[in-house]
Participant: 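One structure coming up, written as structure tokens, with questions to follow.
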Amino acid sequence: MTENVVQLHKNTEPPTDEASVTTLTVVPEAPPARPVPLWVRSGRAVKTAATHERTKTVGRAVVRHGLYTFNGGRIVARRAWDGRTGSRYERMIRAAEAAGNNELAEEWEERLQRFRDARHRRRMDLLHSPVEAAKGMAVGTGMGIGTLVALGVVMAINNGDVKDVITPLAATIDFIGLLIRIVQIVWGPALTIGPFLALLALWAVGSKQQAAPQWALPANVRSGEGEPITPSIVVKALRDLGIPAMRNAIKEMGDAGASMLGPITIAGCGVEVDVTLPSGVSTNEVQQRRRKLAENLTRHEHEVFISIPTAARTVRLWVADSGALDEPIGPSPLVTDETMTADYAKGKAPWGQDLRGDAAALSLYQRHLLITGLSNQGKTVALRSLALWLSLDKSVQFLMGDLKGVGDWAMFDGLADTLIQGPTDEHVIQVTEMVEGAVDEMNRRLMAAPGTQFPPLIVLVGEAQVAFMCPLKDEDKRPYGGAKANSRYFMAVRKIHNQGRAVNVLMWQGTQDPTNENLPKMVREGAHTRASLALGTESQARMALGDKAVDGGAAPNLLRPGLDQGTLVLASSGIDIPAGQSSITVRTHYVDDDAAKAITARARALRDGVTTLHAIDRGEERDPLADIASVVGDASRVRTQEVIIRLAALTPGAYGGWTFLDLKRVLDGTGAEPYKSDGVMVVARDRLTRALANRDDEGSASAS
């Protein structure tokens with residue numbers, strides 16, 4: 001910027017020094033702003049007005065009410081056409097044929113023929129009606145005039161005045177003239193107001209049917225949040241799925257598709273309806289559009305479940321009340337009922353609720369179990385709830401391996417015969433040997449006399465994928481993990497799956513997202529009860545539950561990770577599944593650590609006492625008498641059969657093949673020999689204690 005310097009003086013003489021000079025800086029004015037053209041300002045104003053929310057609201061209202069009137073006229077015209085022609089009957093015939101119901105089609109064809117016969121008679125009557133009407137009018141007019149004249153004659157005779165003869169006729173003519181004048185007065189305004197009344201009637205019809213695009217409807221109608229499920233809503237949702245054969249079939253149905261639907265019944269926190277699909281539409285086409293169907297029903301995807309019942313070409317829809325599945329279910333009966341006990345053979349574990357709100361109880365009798373799911377979805381809690389219930393049956397024995405090792409199963413210390421906790425390869429080796437010990441026990445039971453009853457032995461492994469993926473090999477180069485014929489963990493599980501059920505030796509496993517690497521196919525298919533929490537893909541869902549369950553509508557991969565914690569899809573003969581379905585969705589009860597500790601405390605009170613082993617010994621020289629005393633623990637006496645089982649769990653290599661004779665051989669001459677109590681052979685703790693105290697240390701026997 002250029003500065004203009006002006007020197008101001010107090011007199012006309014030139015200044016003699018710098019101090020007498022005053023410097024003033026003058027900044028020139030900015031050039032005037034160019035005016036914005038009028039057309040620009042007008043365009044901005046128009047744009048602001050056009051995009052304003054009030055303008056949009058007014059525009060939607062104009063479109064909405066205009067289309068109400070227009071479409072109302074279409075609806076009235078369609079109704080009038082249906083009433084005058086047989087098109088309604090023809091649509092019903094086509095719909096019945098599309099549904100494959102020939103009997104119904106024939107019935108509608110008979111109704112159409114009766115309608116045509118009646119219409120023909122009416123048309124023939126119209127040909128003769130003018131002549132008949134003229135005759136009737138002439139006769140009626142003549143009779144009316146005659147009656148009026150006769151009435152006048154009577155009046156004339158009565159009054160003595162001959163003029164009264166025409167009085168009734170003149171009064172009638174005057175009344176007719178009055179009516180004509182009234183019509184002349186009203187006719188003009190009626191012609192003016194009539195079209196408006198007709199338009200108002202058409203608008204009322206269109207408004208009642210909401211005959212306008214979705215975007216033009218009012219906000220409260222457009223959202224439909226929490227909208228109740230009605231037949232028309234279900235049919236409209238199916239029509240708009242994007243399946244041409246479905247859309248065309250519904251369009252041709254005279255009842256607008258209502259014949260496809262069974263009764264809509266209340267089912268827990270939602271409703272259920274069976275839909276018979278028209279010819280040309282397959283059930284998997286509907287299943288593949290679950291999200292779109294849910295949105296058409298104004299629901300989220302997780303609030304709509306599609307299953308396949310036994311009826312052909314039928315899908316069963318369960319639609320939750322809006323937001324109902326996000327509300328927690330009540331506490332477990334294990335927590336609320338402190339007197340509850342369990343019965344392995346005849347009872348069912350209270351696991352949660354199904355989608356209908358009914359209690360979901362699972363039978364565990366002679367069923368191998370597999371639970372899968374992504375991490376942190378409630379898998380451990382769901383599996384632990386079953387073990388907690390079963391612990392209340394004092395005859396049940398547990399061998400537990402937790403390969404997560406964060407204490408989720410610590411409350412079973414004092415209940416389980418073996419409890420191994422930890423994620424390392426060393427823990428995998430311990431768990432593998434524990435399962436192999438269970439195989440030895442199973443073989444011993446299989447060799448027993450036919451008809452012998454054995455107590456249930458639950459072999460439970462959490463995070464089993466850690467065992468399958470273990471890279472270690474033993475001294476014979478046999479891998480602990482993997483799925484080959486020489487894999488120790490894999491083969492031990494397979495042996496239990498093959499024969500354990502017959503002698504009540506059962507395998508329970510929990511594992512993360514299943515793949516062929518961390519959960520081999522033969523192990524997956526060996527489980528009688530298969531359950532899955534949220535998974536990532538459909539292929540994982542098929543590995544978890546099997547093709548039959550997934551093809552029948554099971555979709556754990558559509559559960560919401562993090563939001564549907566504790567919700568699982570279950571395929572098992574041990575739970576009541578609705579007829580025609582291959583799986584059921586269960587929302588399991590949440591039993592926290594404190595409640596679990598309280599339940600296991602009650603379970604321990606039912607038992608004589610269990611000494612829990614936290615490691616598996618590998619072939620060291622053993623002291624059988626000391627080991628027998630250790631497995632008897634604090635119990636006053638234990639059945640010999642139970643002692644043998646505990647010894648086998650303690651050290652499979654030393655005691656896996658023991659029988660009663662081996663036990664008797666060790667105890668004979670020690671003063672702690674088995675004896676009969678209440679009809680069964682038992683070993684007493686006090687006698688063992690005295691035998692250990694009195695024996696000579698050098699005479700201690702060792703297991704060979």
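Position 1 is the first residue of the sequence; numbering continues from there.
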Participant: Could you name each residue pair satisfying ring pair (Phe, Tyr, Trp, His ring centres under 6.0 Å) that touches residues 369-398, not counting sequence neighbours?
Facilitator: F398-F412

Participant: Kindly check if the number of other-residue, nucleotide or ligand heavy atoms within 6.0 Å of CD1 (I266) is above 12?
Facilitator: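 Atom CD1 in I266 is not crowded, with 12 or fewer foreign heavy atoms closer than 6.0 Å.
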
Participant: Is there a side-chain contact between V273 and T265, using heavy atoms and a 4.5 Å cut-off?
Facilitator: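 Answer no - side chains too far apart.
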
Participant: Keeping H614 on the side-chain end and I420 on the backbone end, is there a donor-acceptor pair under 3.5 Å?
Facilitator: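 Such a contact is absent between H614 side chain and I420 backbone.
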
Participant: Are the side chain of T612 and the backbone of G414 linked by a donor-acceptor contact shorter than 3.5 Å?
Facilitator: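 Here the side-chain-to-backbone pair exists.
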
Participant: Do H368 and I496 come close enough that some side-chain heavy atom pair is under 4.5 Å?
Facilitator: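 Yes, close enough: below the 4.5 Å cut-off.
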
Participant: Determine whether more than 12 heavy atoms belonging to other residues, nucleotides or ligands lie under 6.0 Å from atom CG of D576.
Facilitator: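 For D576, atom CG is not crowded (no more than 12 foreign heavy atoms under 6.0 Å).
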
Participant: How about Y480 and S487: do any of their side-chain heavy atoms sit closer than 4.5 Å?
Facilitator: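 No, their side chains stay 4.5 Å or more apart.
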
Participant: How about R291: does its CZ atom have over 12 heavy atoms from other parts shown lying under 6.0 Å from it?
Facilitator: no

Participant: Any donor-acceptor pair under 3.5 Å linking the side chain of R646 with the backbone of I628?
Facilitator: no

Participant: Using modelled atom types only, decide if a donor and an acceptor are shared between the side chain of E272 and the backbone of L317 within a distance under 3.5 Å.
Facilitator: no

Participant: Any side chain to side chain donor-acceptor pair (under 3.5 Å) pairs touching residues 676-685, not counting sequence neighbours?
Facilitator: R637-S677

Participant: Quick one: do D551 and R542 make a salt bridge, cutoff under 4.0 Å?
Facilitator: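 R542 and D551: salt-bridged.
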
Participant: Which value, rounded to the nearest 0.5 Å, describes the distance between L399 atom CG and D417 atom CG?
Facilitator: 6.0 Å

Participant: Would you indicate whether the side-chain heavy atoms of V631 and V643 approach each other to under 4.5 Å?
Facilitator: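 With C-beta onward as the side chain, the pair touches.
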
Participant: Any donor-acceptor pair under 3.5 Å linking the side chain of R607 with the backbone of D393?
Facilitator: yes

Participant: Please report the C-alpha distance between I645 and E441 in whole Å, then the side-chain angles of each, then the deciding distance to 0.1 Å, and finally whether the side chain to side chain contact (heavy atoms under 4.5 Å, CB included) criterion is met.
Facilitator: CA-CA 7 Å; I645 292 173; E441 169 61 17; 3.4 Å; yes

Participant: For a side-chain hydrogen bond (donor to acceptor under 3.5 Å, both in side chains) check, start with the C-alpha distance between E463 and Q465, then their side-chain angles and the critical distance, and finish with the verdict.
Facilitator: CA-CA 5 Å; E463 304 299 332; Q465 77 279 355; 2.7 Å; yes

Participant: Counting only N and O atoms by type, is there a donor-acceptor contact under 3.5 Å from the side chain of Q565 to the main-chain atoms of N376?
Facilitator: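 Such a contact is found between Q565 side chain and N376 backbone.
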
Participant: Are R639 and M681 side-chain neighbours, meaning at least one heavy-atom pair lies under 4.5 Å?
Facilitator: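 Of all side-chain heavy-atom pairs linking M681 with R639, none is under 4.5 Å.
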
Participant: For D686, I'd like to know if atom CG has over 12 heavy atoms of other residues, nucleotides or ligands within 6.0 Å.
Facilitator: yes

Participant: Please list, chain by chain and in numerical order, all residues satisfying salt bridge (charged side-chain N to carboxylate O under 4.0 Å, His left out) with D608, sequence neighbours excluded.
Facilitator: none

Participant: Can you find a heavy atom in the side chain of I644 that is under 4.5 Å from one in the side chain of T659?
Facilitator: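 No. Closest side-chain heavy atoms not under 4.5 Å.
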
Participant: Would you check if Q512 and L374 make a side-chain contact, meaning some heavy-atom pair closer than 4.5 Å?
Facilitator: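 The answer is no; the side chains never approach within 4.5 Å.
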
Participant: Could you tell me which residues satisfy ring-ring contact (aromatic ring centres under 6.0 Å, His included) with H427, sequence neighbours excluded, listed by chain and number?
Facilitator: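 So H427 forms no ring-ring contact (aromatic ring centres under 6.0 Å, His included) with any residue.
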
Participant: Kindly say whether A382 contributes a backbone atom to a donor-acceptor pair with the side chain of W351 at under 3.5 angstrom?
Facilitator: yes

Participant: What residues form a ring-ring contact (aromatic ring centres under 6.0 Å, His included) with Y590, not counting sequence neighbours?
Facilitator: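 Y590: no ring-ring contact (aromatic ring centres under 6.0 Å, His included) contacts found.
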
Participant: Sequence neighbours excluded, which residues qualify as ring-ring contact (aromatic ring centres under 6.0 Å, His included) partners of F490?
Facilitator: none

Participant: Output yes when a side-chain donor or acceptor of R299 lies under 3.5 Å from a complementary backbone atom of A320, and no otherwise.
Facilitator: yes

Participant: Do the side chains of V682 and T640 get nearer than 4.5 Å, heavy atoms only?
Facilitator: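 In short, these two side chains do not touch, never coming nearer than 4.5 Å.
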
Participant: Using a strict 4.0 Å threshold on nitrogen-to-oxygen distance, state whether R444 and D440 make a salt bridge.
Facilitator: no

Participant: So, E436 and R488, do they make that salt bridge, N to O below 4.0 Å?
Facilitator: yes

Participant: Could you check whether D593 pairs with R384 (Lys NZ or Arg NE/NH1/NH2 to Asp/Glu carboxylate O, under 4.0 Å)?
Facilitator: yes

Participant: If you draw the axis of the six-membered ring of Y365, does the NZ or CZ of R501 fall within 45° of it and under 6.0 Å from the ring centre?
Facilitator: no

Participant: Return yes when atom NZ of K348 has more than 12 non-hydrogen atoms of other residues, nucleotides or ligands closer than 6.0 Å, and no otherwise.
Facilitator: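 Buried by this count: over 12 neighbours within 6.0 Å.
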
